There are 2 protein chains.
Amino acid sequence: MVRARRPTIVDIAKAAGVSTGAVSYALNGRPGVSAPTRARILAIAAEMGWAPSTAARALSEGRVGAIGLIVDRPAQVLGVEPFFMQLISGVQSELALSGTALLFQVCEDIETEIATYRRWSAERRVDGVLLLDLRVDDVRVSAVTELGLPAIVVGGPEGAGGLACLYSDDGAAMREVVQYLRALGHRRIVRVAGPAEFAHTASRSAAFVAAAEEFGVETAEIVHTDYTGEGGTTATRRLLAARERPTALVYDNDLMAVAGLGVAQEMGVAVPADLSVVAWDDSVLCRLVRPALTAVGRDVAEHGRRAARMIIEAVAGRRVADQATPAAEFVPRGSTGPLARTRGVTEG
Amino acid sequence: MVRARRPTIVDIAKAAGVSTGAVSYALNGRPGVSAPTRARILAIAAEMGWAPSTAARALSEGRVGAIGLIVDRPAQVLGVEPFFMQLISGVQSELALSGTALLFQVCEDIETEIATYRRWSAERRVDGVLLLDLRVDDVRVSAVTELGLPAIVVGGPEGAGGLACLYSDDGAAMREVVQYLRALGHRRIVRVAGPAEFAHTASRSAAFVAAAEEFGVETAEIVHTDYTGEGGTTATRRLLAARERPTALVYDNDLMAVAGLGVAQEMGVAVPADLSVVAWDDSVLCRLVRPALTAVGRDVAEHGRRAARMIIEAVAGRRVADQATPAAEFVPRGSTGPLARTRGVTEG
DNA sequence: GACGTGTACTTAATCGCTTAACTGAGCGGA
DNA sequence: TCCGCTCAGTTAAGCGATTAAGTACACGTC
């Protein structure tokens with residue numbers, strides 16, 4: 001299979017009887033060629049099926065028209081957690097509008113991630129990157145800053161150490177969830193959170209604690225897991241086996257919530273009669289299980305599109321301000337309900 | 001944020017007091033420089049943190065070191081179906097070994113997909129592509145062949161119209177599933193398949209029909225859906241509402257199986273007492289719901305890694321033979337069991 | 001001492017495109 | 001008639017690599 005020789009501006013120039021410079025001006029909509037000549041060149045280019053060579057353009061313009069996205073979660077989780085794919089879809093769809101490519105990489109740890117940024121920067125593979133899952137004092141921020149690699153923090157809380165940030169205001173939604181659960185009679189609520197080192201985990205936790213205080217929730221505990229189904233299973237089993245078990249669980253992602261639901265079923269804890277379950281990211285998954293999961297949903301794809309727009313701006317050298325994604329929406333479904341009866345310590 | 005000027009071979013040449021040609025020979029391990037000079041050049045390059053500019057290399061070598069992957073399923077499905085992310089993780093991890101980048105794109109339809117291949121080819125963005133979800137008489141095959149774009153068909157059945165193909169032999173697993181269900185006493189089995197136009201759907205369906213005949217399954221029906229949760233829900237609802245409802249359902253992906261499980265629960269059909277459920281792709285999801293889903297699992301990430309190796313070979317210009325992925329493994333869990341009692345037409 | 005043969009380089013063309021600088025024609029005004 | 005200006009191009013350098021072809025020197029050989 002011999003790869004066909006694709007037309008270059010030289011071919012167009014020859015066909016049009018002008019210089020390559022003129023062709024370049026015409027194709028890029030710059031002044032310097034007359035209207036008829038421009039039209040002729042454009043027609044020839046279209047007919048030949050010409051498209052600019054990214055390599056050549058990258059070399060002379062210094063920009064490659066690609067941005068990078070690295071996810072570092074185990075493949076297991078990645079596959080099953082809707083959030084990432086939806087985010088990527090969103091990012092990708094927006095990038096496609098400007099012909100920007102998306103380089104995607106899965107890493108195992110943050111060191112490899114940083115090494116990849118270095119390599120990408122050194123090889124000039126990408127014009128900028130999107131950082132996910134910002135950690136408290138995240139080393140990646142200084143790494144990309146040092147490299148001079150334009151970057152946007154996606155989903156972190158505000159003020160990402162000098163980098164522009166797309167944050168989602170989870171505070172209001174968290175407040176709504178806690179208020180709702182409290183109104184249903186719940187007094188022992190546990191938040192099954194993601195890893196403590198993630199900045200957005202911390203910010204949601206803070207909102208949770210504040211809301212619990214505001215609405216007079218007696219016990220408002222937080223346990224940390226790793227976002228995996230197993231993590232959710234283990235945590236839930238432990239929580240439900242406790243003497244004073246919680247009556248409501250607020251999970252940090254849909255996957256863990258589904259896992260929790262399974263554990264409750266397995267332990268004979270009725271949902272929602274004995275236990276209310278709330279999932280943070282809403283997704284098809286939440287609607288498929290029974291009872292359907294009450295969830296806090298946000299438009300993840302839109303989140304991704306915004307992030308894409310921000311990084312495009314940043315790459316273009318324009319200042320980008322922090323931006324908030326539309327507030328998350330609380331969607332009550334069958335997994336939450338009024339507490340059936342007041343329960344004492346343990347029942348037989 | 002001024003992007004740091006990254007070192008080029010000119011910088012290295014100056015520092016080493018040699019020409020850029022010598023530097024190039026040294027860095028690429030070619031003869032033409034003495035051992036001491038080579039060592040000196042390598043040391044300087046390492047110290048400067050030099051990495052070859054992909055753009056420059058692409059321009060002079062004609063290869064960009066990137067391969068493309070397009071998925072055309074709605075974002076909704078993508079997010080929630082573990083298969084894709086796991087596949088991509090696998091592909092990506094293998095590509096990373098050779099420093100090859102992965103361009104990832106989500107499309108809405110096959111026309112856009114083909115247009116993207118054209119653009120990628122014209123812009124020389126990728127050296128090759130992986131084709132997913134081969135259709136019967138797939139137009140993409142001729143499209144990439146015409147473009148002279150190296151491509152590998154992932155997961156199609158053998159003989160993908162001239163393109164090398166990585167196929168998974170689903171026949172044996174399907175036979176095992178049907179035999180197992182038949183042994184449990186099931187006589188009315190329905191396969192809830194993906195879209196009929198996918199080649200792998202057709203091949204699995206053929207295996208299903210053959211196995212049903214071999215083991216004397218009375219009713220072996222096939223219904224087609226779109227792989228979405230909603231598709232699974234609707235199909236299942238219709239099937240379970242029928243006068244002679246099936247006693248076992250074999251779903252083409254985990255998502256639909258979970259959806260089916262939900263519908264059964266909602267309609268008061270006990271799983272596995274009244275209905276056995278089998279999912280095709282095994283994933284965390286299958287283990288999280290209750291009862292856990294009996295599933296046919298394969299190592300999707302390994303599938304991806306193989307695909308990556310194949311496309312790298314193809315890009316290098318070597319002939320690539322069709323290859324089979326290790327056979328799928330059948331994992332019985334709680335969602336399948338012996339038929340509780342022989343049921344007549346409809347019961348109250 | 002002339003000649004061939006390696007070795008260790010250098011030189012310069014090349015990939016495809018952008019763009020600053022230059023050229024030459026046409027035109028208006030003094 | 002000459003000057004300056006604008007327009008519509010052309011020319012050529014540059015982006016950062018690779019690589020064929022050339023060069024200079026050392027060495028061995030007859």
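Naming convention: chains lettered A, B, ... in sequence-line order (proteins, then strands); numbering from 1 in each chain. Just so you know, these numbers use all the heavy atoms, side chains as well, and skip hydrogens, waters and symmetry mates. Owing to the predicted nature of the structure, the values given are computational and were not obtained by experimental measurement.
In this structure the side chain of A:Gln105 reaches within 4.5 angstrom of the side chain of A:Trp120, judged on heavy atoms. A:Leu102 has its side chain within reach of A:Ile67: a pair of non-hydrogen atoms, C-beta onward, lies under 4.5 Å apart.
The environment of B:Asn28 atom CG is dense: over 12 non-hydrogen atoms of other residues, nucleotides or ligands sit within 6.0 angstrom.
For residues 33-57 of chain B, proximity to DNA chain C is found at B:Val33, B:Ser34, B:Thr37, defined as any non-hydrogen atom under 4.0 angstrom from a strand atom.
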Which side-chain N or O atoms in residues 44-54 of chain A pair as donor and acceptor under 3.5 Å with protein atoms at least two apart or in another chain?
residue, atom, partner, partner atom, Å
A:Ser53, OG, A:Ala55, N, 3.3
A:Ser53, OG, A:Ala56, N, 3.0
A:Thr54, OG1, B:Glu123, O, 2.5

With a 3.5 Å cut-off and sequence neighbours excluded, list the donor-acceptor pairs that the side chains of residues 304-317 of chain A form with protein atoms.
residue, atom, partner, partner atom, Å
A:Arg305, NE, A:Glu302, OE1, 3.1
A:Arg305, NH2, A:Glu302, OE1, 3.1
A:Arg306, NE, A:Glu302, OE2, 3.1
A:Arg306, NH1, A:Ala324, O, 3.3
A:Arg309, NE, A:Glu94, OE2, 3.2
A:Glu313, OE1, A:Arg318, NE, 2.7
A:Glu313, OE2, A:Arg318, NE, 3.4
A:Glu313, OE2, A:Arg318, NH2, 3.1

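For A:Asp299, there are no side chain to side chain donor-acceptor pair (under 3.5 Å) partners, not counting sequence neighbours.
As a whole-Å value, the separation of B:Arg125 CZ from C:dG16 C1' is 15 Å. Rounded to whole Å, atom P of D:dG16 lies 9 Å from atom CZ of B:Arg6. Protein atom CG of A:Leu59 is 14 Å distant from nucleotide atom P of C:dC15, rounded to whole Å. The nearest whole Å value for the distance from the CG atom in B:Leu27 to the C1' atom in D:dA17 is 10 Å. Taking atom CG of residue A:Asp127 and atom C1' of nucleotide D:dC15, one finds them 15 Å apart after rounding to whole Å. Between A:Arg63 atom CZ and C:dT19 atom C1' the separation is 15 Å, expressed in whole Å.
Helix-axis bend for the helix from C:dG1-D:dC30 to C:dA30-D:dT1: the local axis fitted to the five terminal pairs at one end deviates from that at the other end by 70°, rounded to 10°.
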Reading 5' to 3' through nucleotides 19-24 of chain D, protein heavy-atom contacts under 4.0 Å coded B for base, S for sugar-phosphate only, - for none:
BBB---
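A sub-4.0 Å separation between OP1 or OP2 of C:dG16 and a side-chain N or O of A:Thr8 is absent.
How far OG of A:Ser19 is from NZ of A:Lys14: 13.5 Å, rounded to the nearest 0.5 Å.
Note on B:Val18: only backbone sugar-phosphate atoms sit closer than 4.0 angstrom, heavy atoms only; bases stay farther off.
Looking at B:Arg38, its side chain does come within 3.5 Å of a backbone N or O of B:Arg30 through a donor-acceptor pair. Within the 3.5 Å criterion, the main-chain N or O of A:Tyr117 finds no donor-acceptor partner in the side chain of A:Ser121.
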